[in-house]
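Just below is one structure, and these are the notes that go with it.
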Amino acid sequence: MSEERSLHFLEEIVEADIAAGKHTTIHTRFPPEPNGYLHIGHAKSICLNFGLADKYGGKTNLRFDDTNPVTEDTEYVESIMADVRWLGFEWEELHYASDYFDQLHAFALELIGKGLAYVDDLSAEEIAETKGTPTSPGKASPYRSRSVEENLHLFQEMKAGMYNDGEKVLRAKIDLASPNMHMRDPIMYRIRKTEHHRTRDKWCIYPMYDFAHGQSDAIENITHSICTLEFEVHKPLYNWYIEQLGIFPSRQFEFARLNLTYTVMSKRKLLQLVQENMVDGWDDPRMPTISGMRRRGYTPASIRNFCDRIGVQRRENIIDVGLLEFFVREDLNKTALRRMVVLDPIKLIITNYPENSSEILQGENNPELEDNGGYRDLNFGRELWIEAEDFMEEPAKKWFRLAPGMHVRLKNAYIIKCTGFQKNGAGKVTEVLCEYYPESKSGQDTSGIPVKGTMHWVSVADSSTAEVRLYDRLFQVENPSNEDGDFKTYINPNSLEIIAEARVENSLLEAKGGQQFQFIRKGYFTLDNKYATNGKLVFNRTVTLKDTWSKEVKK
RNA sequence: UGCCCGAUAGUAUAAUGGUAGUACGACAGAUUUUGGUUCUGUUUGUCUUGGUUCGAAUCCAGGUCGGGCAACCA
């Protein structure tokens, strides 16, 4: 079943490590900061970390990197856990960097004791100035040479809350002339008199990312600590802390983050869209967040397949969102129930069908499944709703649908012939007239009439209304972050079209939240968990069907 | 401009010194009671200049282009 796949570079590293006897098994971790919602880029990291451990019989932890109380919140913790599980993964151990605050504090004391850390009274601006630039070395702070005793004492006072935010920091004493800016006496601890979402007011000093991440990895015996490329310059520092402390030698490896066309992926930008109400929250179906894609109707399998296919590399990339859509269609085609919905209704009257009469026809639930996935009842009658765009007064070239004199099949029903139409004062077609062939009934057609087109429909007498939300790409340009000026100026003003009253077949009255449907010839849709109520159906379009006709029209 | 990383069809990803392959896309055709699905075919590529070698996408050197690094963010 599984096709032969070559190893990506991280798999090669793991296999080499195992072959060399470095580890018998591996331990990875997924370490989000709980300061926002997970997006498709995180999904890549999740699939990578969990997938790698799974492949080599290892384990994966979920660890919240909650070292900055200013930005973090339990709301995000909850959503992140829900999203990881929804994607289909279960962590081995659940940890918080904040669980290690005591241990981290002890590590800091140890480094101070070794003369490798000092308390600095310089302000943030002064530290930035004395740090130098990438091309010129930094200058030592006047406080760099404080004695171990003094440092211990001052750090104790910092911890005790005797100073205000920004008054003092604890710095590692490394190399102010290092070509790597991160090695120029990086800050280990800063004062933040802010309540932490878990430790509350226990601490007023908090470790920086660099002083927490590697040690957390080491505490959990993480063998392969996988992160994105921008952390590459942090690696010497990551290793320095581990070496000076003599703890478990976790090793960091970097891969290129995921970029997708027609969207943005940075948390900062996504947050802006939410805060400035350009979208309907983090779970807006147009957002590249996991929660947004879930609401939109994407399936976990389609996201996993996508992450699997794009692979993992160290080169910058921007992946065509069309590839994601391909995997969604591929998955939904096999699972979504087929239903008929008319988005832009006009009336079709079958003039030779008996008045006040109707009949029940059968429609397959999914032709891709065995036994067509079973059948549902379709109520057929003299008056039907059809799609306005399925009728043309004067047919275009290669037009297979309705036009005066043309034959077409009504899906799961009869072949009809268009005999006329009505227009209103504005010249808009309001009604199409036709005749049907009783002997052409679906499944028992003896008419012998050849038709090229098949159209969806719903009965006027026996259908309901629903709101349908059509989503398009959020941005008008492939890479909004790369354009001049504010990325928000490139937002697609037509990314959401709300159809207030589409006509749906009555079997959809039983639709449940999160259930997926294919509206025949229209695309994949799902019931919106947020806005659908008992009395009102609201559907989100996940993705359109491939449409070769619209390409034909463009020619 | 100092240090680090990277460069294979339009996009992504293989080839681990020995036939440049795969997926998506695009195009054409067949099938089809969804202009869907499925099937078949076509299309387009190793950044550049040298070097090593019987042989280089792969190794080496120079160049070009792209990305990262100067938060008390992660």
Side-chain angles (χ1 to χ4, degrees), chain A residues 3 5-8 12 31-33 35-36 65-68 70-72 120 122-125 127-129 131-138 165-171 178-182 184 186-192 206 208-210 212-213 227-236 254 256 261 267-268 309-327 329-330 333-334 338 340 364 367-368 398-401 408-413 415 440 442-443 445 451-456 478 518-523 544-552:
Chain A
E3 61 195 279
R5 278 294 259 294
S6 50
L7 303 177
H8 61 66
E12 284 180 354
E33 183 189 13
N35 69 343
D65 229 335
D66 54 351
T67 57
N68 184 0
V70 178
T71 55
E72 297 153 7
D120 197 342
L122 256 31
S123 69
E125 297 73 36
I127 288 178
E129 277 168 31
K131 218 166 195 179
T133 68
T135 51
S136 63
D165 289 14
E167 273 187 58
K168 282 182 167 50
V169 289
L170 183 69
R171 288 229 256 172
S178 172
N180 183 337
M181 297 297 289
H182 293 274
R184 320 244 272 220
I187 291 164
M188 294 161 58
Y189 269 92
R190 78 287 212 187
I191 299 167
R192 280 280 177 281
Y206 292 92
M208 299 286 290
Y209 163 84
D210 286 305
H213 202 94
C227 60
T228 44
L229 240 28
E230 68 268 25
F231 289 100
E232 192 168 22
V233 285
H234 293 246
K235 185 149 64 178
E254 312 84 19
T261 54
K267 253 187 214 174
R268 204 193 92 245
R309 193 69 189 77
I310 60 176
V312 44
Q313 258 307 335
R314 286 173 64 83
R315 43 178 173 251
E316 297 296 325
N317 59 76
I318 179 158
I319 295 175
D320 190 338
V321 70
L323 186 62
L324 215 205
E325 291 172 347
F326 164 78
F327 283 105
R329 291 191 185 105
E330 185 191 46
N333 178 48
K334 292 179 300 196
R338 308 297 134 118
M340 293 202 281
E364 61 272 24
E368 302 294 316
K398 297 192 188 173
W399 180 255
F400 299 163
R401 311 178 196 175
V408 87
R409 174 173 289 281
L410 294 173
K411 178 77 178 170
N412 299 127
I415 292 173
S440 68
S442 188
D445 182 1
V451 290
K452 277 193 161 166
T454 300
M455 287 168 32
H456 62 284
E478 279 202 358
Q518 183 196 99
F519 292 176
I520 292 173
R521 299 209 298 141
K522 285 291 151 189
T544 59
L545 258 26
K546 265 178 75 175
D547 185 359
T548 48
W549 169 246
S550 69
K551 282 182 206 163
E552 191 67 39

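It should be emphasised that the depicted structure is a prediction, and the values quoted were computed from it without experimental measurement. Chain letters run A, B, ... following the sequence lines, proteins first and then strands; every chain starts at 1.
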Self-check item: Residue that, paired with D120(A), satisfies salt bridge (charged side-chain N to carboxylate O under 4.0 Å, His left out) out of R190(A), K131(A), R171(A)
Solution: R171(A)
Practice problem: State which residues pass side chain to side chain contact (heavy atoms under 4.5 Å, CB included) with F326(A); sequence neighbours excluded, sorted by chain then number. | Solution: E330(A)
Side-chain N or O of [X] closer than 4.0 Å to phosphate OP1/OP2 of [N]:
| X | N | result |
| --- | --- | --- |
| S136(A) | G2(B) | no |
| K551(A) | A26(B) | yes |
| T548(A) | G36(B) | yes |
| R190(A) | C73(B) | yes |
| R521(A) | U33(B) | no |

Quiz item: Within the distance-only criterion (no hydrogens, no angle test), does the side chain of T228(A) pair as donor or acceptor with the backbone N or O of E230(A) below 3.5 angstrom?
Solution: no
Quiz item: Does R329(A) reach the main-chain N or O of T544(A) with its side chain, forming a donor-acceptor pair under 3.5 Å?
Solution: yes
When the [atom1] atoms of [N] and [M] are considered, how many whole Å apart are they?
| N | M | atom1 | result |
| --- | --- | --- | --- |
| G45(B) | U37(B) | C1' | 31 Å |
| U53(B) | A61(B) | C1' | 16 Å |
| U19(B) | A57(B) | P | 10 Å |
| A15(B) | A7(B) | P | 13 Å |
| A56(B) | G17(B) | P | 14 Å |
| G35(B) | G29(B) | C1' | 15 Å |
| U44(B) | A28(B) | C1' | 16 Å |
| G63(B) | A23(B) | P | 40 Å |

Write down the distance between [atom1] ([X]) and [atom2] ([N]), rounded to a whole number of angstrom.
| X | N | atom1 | atom2 | result |
| --- | --- | --- | --- | --- |
| R268(A) | A71(B) | CZ | C1' | 13 Å |
| Q313(A) | U13(B) | CD | C1' | 8 Å |
| I127(A) | A71(B) | CD1 | C1' | 11 Å |
| H8(A) | U22(B) | NE2 | P | 22 Å |
| M455(A) | G35(B) | CE | C1' | 13 Å |
| L323(A) | G25(B) | CG | P | 8 Å |
| K546(A) | G25(B) | NZ | C1' | 9 Å |
| R401(A) | U34(B) | CZ | P | 13 Å |

Quiz item: Looking at side-chain heavy atoms only, is the closest gap between K235(A) and H182(A) below 4.5 Å?
Solution: no
Taking the side chain of [X] as heavy atoms from C-beta outward, which of [options] is closest to it?
| X | options | value |
| --- | --- | --- |
| T67(A) | C24(B), C3(B), A74(B) | A74(B) |
| P367(A) | G36(B), A14(B), C73(B) | G36(B) |
| R338(A) | A14(B), C72(B), U34(B) | U34(B) |
| S442(A) | C73(B), A26(B), U33(B) | U33(B) |
| R314(A) | U1(B), A74(B), G6(B) | G6(B) |
| I319(A) | A12(B), C4(B), U37(B) | A12(B) |
| R315(A) | A74(B), U37(B), G6(B) | G6(B) |
| E316(A) | U34(B), U13(B), G67(B) | G67(B) |
| R409(A) | U33(B), U11(B), A12(B) | U33(B) |
| E230(A) | G35(B), G68(B), U37(B) | G68(B) |

Taking any heavy-atom pair under 4.0 Å as a contact, classify [X]: base, sugar-phosphate, or nothing.
| X | value |
| --- | --- |
| G523(A) | nothing |
| T133(A) | base |
| H182(A) | sugar-phosphate |
| L324(A) | nothing |
| N180(A) | nothing |
| D210(A) | nothing |
| I318(A) | sugar-phosphate |
| F400(A) | base |
| F231(A) | base |
| E33(A) | sugar-phosphate |
| K267(A) | nothing |
| I187(A) | base |

Quiz item: Taking all non-hydrogen atoms of both residues, which atom of R315(A) and which atom of A256(A) are closest, and how far apart?
Solution: O-CB, 3.1 Å
Quiz item: Do you know the tightest heavy-atom contact between E72(A) and D65(A)?
Solution: OE2-O, 3.5 Å
Self-check item: First of E330(A) and E72(A) reached from the 5' end of RNA chain B, by closest nucleotide
Solution: E330(A)
Exercise. Between R309(A) and I520(A), just flag the one whose closest nucleotide in RNA chain B comes earlier from the 5' side.
Key: R309(A)
Does any nucleotide pair with [N] by Watson-Crick or G-U wobble geometry, both distances under 3.5 Å, and what is it?
| N | result |
| --- | --- |
| C59(B) | G51(B) |
| U22(B) | A12(B) |
| C69(B) | G2(B) |
| C39(B) | G29(B) |

Exercise. Quick one: pull up CE in M188(A) and CG in D210(A) and give me the separation to the nearest 0.5 Å.
Key: 11.0 Å
Quiz item: When you check the gap from the basic side-chain N to the acidic O, do K411(A) and E364(A) get nearer than 4.0 Å?
Solution: yes
Quiz item: Is any side-chain N or O of E478(A) under 3.5 Å from a base N or O of G10(B), one able to act as donor and the other as acceptor?
Solution: no
Quiz item: Using the rule for Phe, Tyr, His and the six-membered ring of Trp, do W549(A) and G35(B) stack at under 5.5 Å and under 30°?
Solution: yes
Exercise. Please work out whether the ring planes of Y209(A) and H234(A) are parallel, tilted or perpendicular, with thresholds of 30° and 60°.
Key: perpendicular
